[in-house]
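Here the structure comes first, spelled out in structure tokens, and everything after it is commentary.
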Amino acid sequence: MKELICIVCPKGCHLKVDVDKDFAVTGNGCARGVEYAKAELTHPTRVVTSSVCVEGALHRRCPVKTNGAIPKEKIADAMKTLDGVCLKAPVALGAVVVENVCGTGVDFVSTRELEVV
Amino acid sequence: MYDLIVVGGGPAGLAAAYAARQNGAKKIIILERDKELGGILNQCIHNGFGLHRFKEELTGPEYAGRFEKMLESTDVEVSLDTMVLSITPRREVHCVSAEDGYRILEAKAIVLAMGCRERTRGAISIPGTRPAGVFTAGAAQRYVNMEGYMVGKRVVILGSGDIGLIMARRMTLEGAKVLACVEVMPYSGGLNRNIVQCLHDYDIPLYLSHTITDIKGDRRVEQVTVAKVDENRKPIKGSEMIFDCDTILLSVGLIPENELTRGAGIEIDRRTNGAVVYENMETSMDGVFACGNVVHVHDLVDFVSAESERAGAAAAKYALGGEAAGEAIDVKNGDGVSYTVPQKIRIDNVEKACEIFFRVRKIYKDSKIVVKSGETQLASFKREHLAPGEMEHITLPKVLLDKASGEIVVSVEE
């Protein structure tokens with residue numbers, strides 16, 4: 001029996017997972033907890049958020065995220081792909097900043113609009 | 001004359017203004033001191049926002065962006081770079097900006113949505129020298145995420161509030177070494193999910209029942225001493241650990257920013273440090289409403305939006321001539337409960353049900369939230385898990401409230 005805290009939503013359910021019984025989950029408040037528990041114990045993934053340099057905008061950084069979850073062990077390498085990236089305003093919401101991050105098929109995209117200032 | 005003036009253009013102000021417009025208020029203006037709308041969400045670049053409100057997981061800027069787009073489709077005015085100086089009982093708002101100079105704006109209704117600010121080192125009195133390198137976690141978050149400055153290389157975080165946990169991960173991802181997160185209480189002040197995905201994921205130790213007892217450093221922080229504390233939160237001699245670090249981030253609580261509220265003579269609740277509010281988020285001053293973190297500090301922006309939409313709708317109703325009437329009963333906190341919002345309910349003004357938000361004083365397993373009026377038990381709600389770091393709420397239907405007399409008391413029974 002493994003104990004996990006679900007991170008799918010802020011509720012943070014305390015899950016109990018029976019690995020020997022095909023990852024049977026108890027303590028979950030919703031179905032997403034079942035999915036999370038199995039993924040977390042087999043191949044854990046995370047959405048990564050960070051920021052990149054931007055020129056000509058109100059701020060010097062533009063926030064970005066992976067538009068899907070990537071394997072946890074690739075987070076450090078994914079962060080490296082953002083080094084040296086510099087956008088120019090205007091930036092559209094959802095603009096692709098780095099394509100196919102570390103071969104995951106997931107892109108880093110901008111998470112806000114930035115107008116030219 | 002405005003129907004509604006909203007003070008603050010963060011998540012609370014945005015939701016209140018939009019809801020007021022939807023509910024028939026016409027001439028609305030948002031006064032915002034920053035150069036853009038969105039407030040603190042702009043620097044909260046992590047995800048996890050909006051699961052309740054939009055049924056999807058958004059980052060802070062995306063969440064703010066949604067509300068800004070909704071507002072753009074309306075005729076709500078926005079005055080950026082504008083500082084409100086005072087609010088009078090006649091609902092005049094004194095404000096100043098570089099573009100428009102000093103203005104006195106009048107309104108039929110006002111929504112206070114100024115949010116909160118961080119407790120600082122001074123507020124908690126850490127001993128030691130006064131070197132550079134001690135930041136509140138939120139200030140560091142703004143430097144790193146918006147202004148492009150990395151604030152340090154070896155970091156100790158004091159306090160386990162959500163901003164501190166989020167910054168532990170953020171600093172790690174940007175190449176810093178986060179040595180420890182130190183929490184004086186025996187439990188974390190942040191959400192469980194943040195302990196998992198910000199500390200556990202990066203093997204950052206969380207020291208519960210510990211605090212910083214000394215800071216050393218001449219120009220810059222060089223070393224901190226962390227000690228275990230006893231049940232009275234007094235450091236235990238001999239339990240000290242030394243960390244060599246250049247940066248300390250403080251995540252030691254948030255304080256509602258109520259200078260304007262106090263200046264206007266509005267009644268403040270000592271438990272929340274926010275205005276005392278009625279069921280519709282109206283304050284002790286007629287036609288002045290308050291919502292979001294300026295009333296009580298929320299865990300989730302989704303709940304700020306929901307509360308602010310109620311405040312905005314009520315403010316619109318007031319501006320259109322619908323004053324709330326009726327006798328108010330007090331909502332009191334009983335055993336195990338540290339505060340309630342609202343603090344007063346005018347039962348005649350409750351349509352179907354009234355939601356009560358509160359926090360508990362310690363961690364409870366398998367307990368009951370009990371609502372009583374005198375000796376009469378109005379309602380009881382089972383809870384598997386209660387924690388001070390997680391805001392709780394209950395919904396009291398009007399039929400139950402009608403049975404109350406004088407006051408109602410919310411408490412936890414084990």
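Reminder, nothing fancy here: chain letters follow the sequence lines and each chain counts from 1.
- Judged by distance alone, the side chain of B:Arg193 and the main-chain N or O of A:Cys6 form no donor-acceptor pair under 3.5 Å.
- Listed in order of number, the residues of residues 94-117 of chain A that approach chain B to under 4.5 Å between heavy atoms are A:Thr111, A:Arg112, A:Glu113.
- Interface residue B:Glu57: backbone and side-chain heavy atoms are both found under 4.5 Å from chain A.
- More than 12 heavy atoms of other residues, nucleotides or ligands shown are found within 6.0 angstrom of CZ on A:Arg46.
- Taking NZ of A:Lys65 as the reference point, atom CG of B:Leu58 lies at 6.0 Å (rounded to 0.5 Å).
- Residue pairs meeting the salt bridge (Lys or Arg N to Asp or Glu O under 4.0 Å) criterion with at least one partner in residues 81-94 of chain A, sequence neighbours excluded, are A:Glu55-A:Lys88.
- Counting heavy-atom neighbours within 6.0 Å of B:Glu99 CD, excluding the residue itself, gives a total of 12 or less.
- How far CG of B:Leu191 is from CD1 of A:Ile5: 11.0 Å, rounded to the nearest 0.5 Å.
- At a cut-off of 3.5 Å, with distance as the only test, no side-chain donor of B:Glu384 or A:His14 sits close to an acceptor on the other residue.
- Within residues 160-179 of chain B, the residues having any heavy atom under 4.5 Å from a heavy atom of chain A are, by residue number, B:Arg170, B:Leu173, B:Glu174.
- Heavy-atom proximity under 4.5 angstrom to chain B picks out A:Arg32, A:Tyr36 from residues 32-44 of chain A.
- Rounding to the nearest 0.5 Å gives a distance of 11.5 Å between CD1 of A:Ile7 and NE2 of B:His200.
- Interface check for chain A: of the options B:Glu36, B:His385, B:Glu390, the most heavy-atom pairs under 4.5 Å are formed by B:Glu36.
- Taking CD of B:Glu147 as the reference point, atom NE2 of A:His59 lies at 8.0 Å (rounded to 0.5 Å).
- For the set B:Asp201, B:Asp302, B:Leu51, the entry with the most heavy-atom pairs within less than 4.5 Å of chain A is B:Asp201.
- No other option in A:Leu58, A:Val64, A:Ile75, A:Leu4 has as many heavy-atom pairs under 4.5 Å with chain B as A:Leu58.
- Residue B:Arg66 does not touch chain A at all, counting heavy-atom pairs closer than 4.5 Å.
- Heavy atoms only, all atoms of each residue included: B:Glu62 and A:Leu93 are closest at CG-CD1, 4.1 Å.
- Taking OH of B:Tyr202 as the reference point, atom NZ of A:Lys72 lies at 8.5 Å (rounded to 0.5 Å).
- The two residues B:Asn192 and A:Gly12 make their nearest non-hydrogen contact at ND2-O, 3.9 Å.
- Annotation for B:Lys382: atom NZ does not count as buried by contact number, only 12 or fewer foreign heavy atoms lying within 6.0 Å.
- Contact of A:Val54 with chain B is not made at all, since no heavy-atom distance falls under 4.5 Å.
- Taking CD1 of B:Ile45 as the reference point, atom OG1 of A:Thr49 lies at 5.0 Å (rounded to 0.5 Å).
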